[in-house]
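Because only heavy atoms are used, hydrogens play no part in the values below, and waters and symmetry mates are left out as well, while side chains stay in.
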Amino acid sequence: MTLLASFLLCANGVLSAKPRPLTRAPNWGFYAHQQINRLAVFTLPPDMMPLFKSRIQFLTDNAVNPDKRRYAVVDEAPRHFIDLDVYADTTRETLPRSWSAAADRYGPDTLAMHGIVPWHIQLAKYQLTEAFKERNVPRILRLAADIGHYIADANVPLHTTRNYNGQLTGQTGIHGFWESRLPELFSGTYDGLVGAAEYVEHPQQRAWRAVFNAHAALDSVLAIERSLTADVGDSHKWNFEDRNGQTVKVYSETFARQYHQRLRGQVERQLRASIKMVGDFWYTCWVDAGQPDLKKLARQLPDETEKAETAAEQQSWLKRLFKVRDE
């Protein structure tokens with residue numbers, strides 16, 4: 001089954017007529033994050049489905065909350081990336097995998113400057129496990145949506161480098177091109193079925209493996225774009241499209257198609273890795289919490305106070321804007 005067909009799966013497991021329309025242009029971007037969380041639900045075992053499948057639209061819609069918070073919540077931005085190439089050596093001795101050891105060596109401010117996504121996945125895993133133990137449905141759902149976002153970001157090659165937007169190599173714009181434009185154009189051909197969720201014995205190691213695997217793909221991301229640009233020239237590289245009533249400069253569909261082909265399935269592989277890892281972590285948190293009865297928890301409905309508090313929190317993100325590094 002293609003990713004598009006999988007994405008059309010509605011909460012009762014049948015195909016709906018069309019996907020829910022997006023309210024804005026996809027920004028690994030909004031589009032990909034929402035797909036990843038949605039498809040991760042279908043990796044879960046039957047005992048988890050009563051809660052996660054019944055709340056699939058919440059998990060889909062709120063997959064983008066961390067991005068919405070990046071410009072409004074202090075300390076949010078570093079949770080989305082890690083600049084592995086600023087460290088002279090990334091062995092365990094030089095770049096410790098535990099937060100306390102890394103903070104002792106480099107200081108928390110330095111770590112924050114260069115990103116903390118693998119460490120934050122560990123924290124988010126602990127928080128979600130505790131939410132399961134507390135049987136706190138609103139907190140379970142919010143944290144599940146959040147950890148899905150951070151895991152997906154950890155699997156993006158351009159989230160592992162200080163050259164995160166090609167700005168150091170004359171390739172400015174490649175970040176959104178890889179993580180937004182390509183999935184927007186081609187994800188309909190991707191296979192979104194990644195198998196059943198599995199227990200993660202060593203979550204810390206899994207988080208680090210994700211960022212190192214993503215970083216290993218970085219050379220191809222940059223070199224192939226540079227080579228293709230040299231082959232076709234700028235006149236065939238760019239196009240103009242109408243987005244929400246505005247004319248914007250974008251990578252042309254022809255250039256995007258050739259780049260996507262030369263990447264040989266890289267974007268699909270990273271998206272599938274994200275889906276599988278999100279499902280694995282959700283499942284692991286539930287198991288580590290003692291496998292609470294989610295069928296019983298699924299009967300809980302959010303009260304009006306909770307809805308109002310959630311809406312107020314999200315509205316506050318729009319009021320407190322400050323400049324952070326774009327990812």
Side-chain angles (χ1 to χ4, degrees), residues 28 66-67 69-71 73-127 146-179 200-226 263 266-267 269-271 273-274 277-278 280-281 322-327:
W28 291 294
D67 271 343
R69 294 195 300 259
R70 290 183 68 250
Y71 303 94
V73 176
V74 176
D75 298 330
E76 175 63 44
R79 300 169 183 172
H80 298 246
F81 66 93
I82 182 169
D83 297 334
L84 289 175
D85 47 13
V86 304
Y87 299 98
D89 190 350
T90 54
T91 62
R92 287 179 180 273
E93 290 73 20
T94 303
L95 183 57
R97 303 304 188 251
S98 74
W99 172 260
S100 59
D104 286 345
R105 180 178 293 273
Y106 295 104
D109 290 344
T110 297
L111 295 179
M113 181 184 303
H114 298 300
I116 61 171
V117 65
W119 293 295
H120 190 69
I121 289 172
Q122 275 292 292
L123 175 61
K125 189 270 173 190
Y126 169 79
Q127 292 172 331
D146 278 1
I147 196 174
H149 186 104
Y150 299 124
I151 286 172
D153 277 354
N155 282 282
V156 175
L158 288 159
H159 280 242
T160 68
T161 174
R162 59 181 174 172
N163 189 26
Y164 55 89
N165 197 27
Q167 77 280 5
L168 302 180
T169 51
Q171 297 169 282
T172 301
I174 194 171
H175 192 118
F177 180 42
W178 190 97
E179 75 169 14
V200 181
E201 293 285 351
H202 304 289
Q204 183 187 75
Q205 292 179 16
R206 180 72 174 277
W208 281 99
R209 187 165 72 246
V211 295
F212 281 120
N213 286 346
H215 192 65
L218 178 63
D219 285 350
S220 296
V221 171
L222 297 170
I224 291 173
E225 194 274 349
R226 188 183 306 112
L263 286 174
Q266 182 193 82
V267 179
R269 285 194 298 275
Q270 294 307 112
L271 194 142
S274 298
M277 187 173 169
V278 172
D280 289 349
F281 268 71
F322 50 82
K323 184 175 177 60
V324 298
R325 156 176 156 173
D326 288 330
E327 288 292 348

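- Using the six-membered ring where Trp is involved, His175 and His159 have ring planes that are tilted, between 30° and 60° apart.
- How far CG of Asp153 is from CD of Glu179: 7.0 Å, rounded to the nearest 0.5 Å.
- Comment: Asp146 does not engage Arg79 in a salt bridge, judged by the lack of any side-chain N to carboxylate O separation of less than 4.0 angstrom.
- Atom CZ of Arg206 is separated from atom CD of Gln122 by 12.0 Å, given to the nearest 0.5 angstrom.
- In this structure, CG in Leu95 is found 8.0 Å from CG in Leu111, a value given to the nearest 0.5 Å.
- From Tyr106, atom OH reaches atom NE2 of His114 across 10.0 Å, with rounding to the nearest 0.5 Å.
- The minimum heavy-atom distance linking Ala102 with Pro96 is given by the pair N-CB, 3.7 Å.
- Nearest heavy atom pair, residue Trp178 against residue Gln266, reads NE1-OE1, 2.8 Å.
- Although no hydrogens or angles enter the test, the distance criterion places a donor-acceptor pair under 3.5 Å between the side chain of Asn163 and the main chain of Leu168.
- Here the closest non-hydrogen pair linking Arg69 and Glu76 is NE-OE1, 3.3 Å.
- Checking side-chain atoms of Asn165 against main-chain N and O of Gln167 turns up no donor-acceptor pair under 3.5 Å.
- A 6.0 Å sphere centred on OH of Tyr126 holds no more than 12 heavy atoms belonging to other residues, nucleotides or ligands.
- Between His149 and His80, the distance separating the two ring centers is shorter than 6.0 angstrom.
- Nearest heavy-atom pair across Gly115 and Ile82 is O-CG1, 3.6 Å.
- Formation of a donor-acceptor pair under 3.5 Å by the Gln270 side chain with backbone atoms of Pro157 is not found in this model.
- Tyr150 is not listed as a side-chain neighbour of Phe81, based on a closest heavy-atom distance of 4.5 Å or more.
- Between Leu123 and Gln127 there is a side-chain heavy-atom pair separated by less than 4.5 Å.
- A donor-acceptor contact shorter than 3.5 Å is absent between the side chain of Thr94 and the backbone of Thr90.
- Closest approach of Ala154 and Val117 over heavy atoms only: CB-CG2, 4.1 Å.
- Using a 4.5 Å heavy-atom cutoff, the side chains of Phe177 and Gln171 are not in contact.
- Listed for the Asn213 side chain is no donor-acceptor partner under 3.5 Å among the backbone atoms of Asn155.
- Residues Leu263 and Val221 come closest through the heavy atom pair CD2-CA, 4.4 Å.
- Between the NE2 atom of His215 and the CG atom of Leu158 there is a distance of 10.5 Å, given to the nearest 0.5 Å.
- Between atom NE2 of residue His120 and atom CG of residue Asp75 there is a gap of 10.0 Å, rounded to the nearest 0.5 Å.
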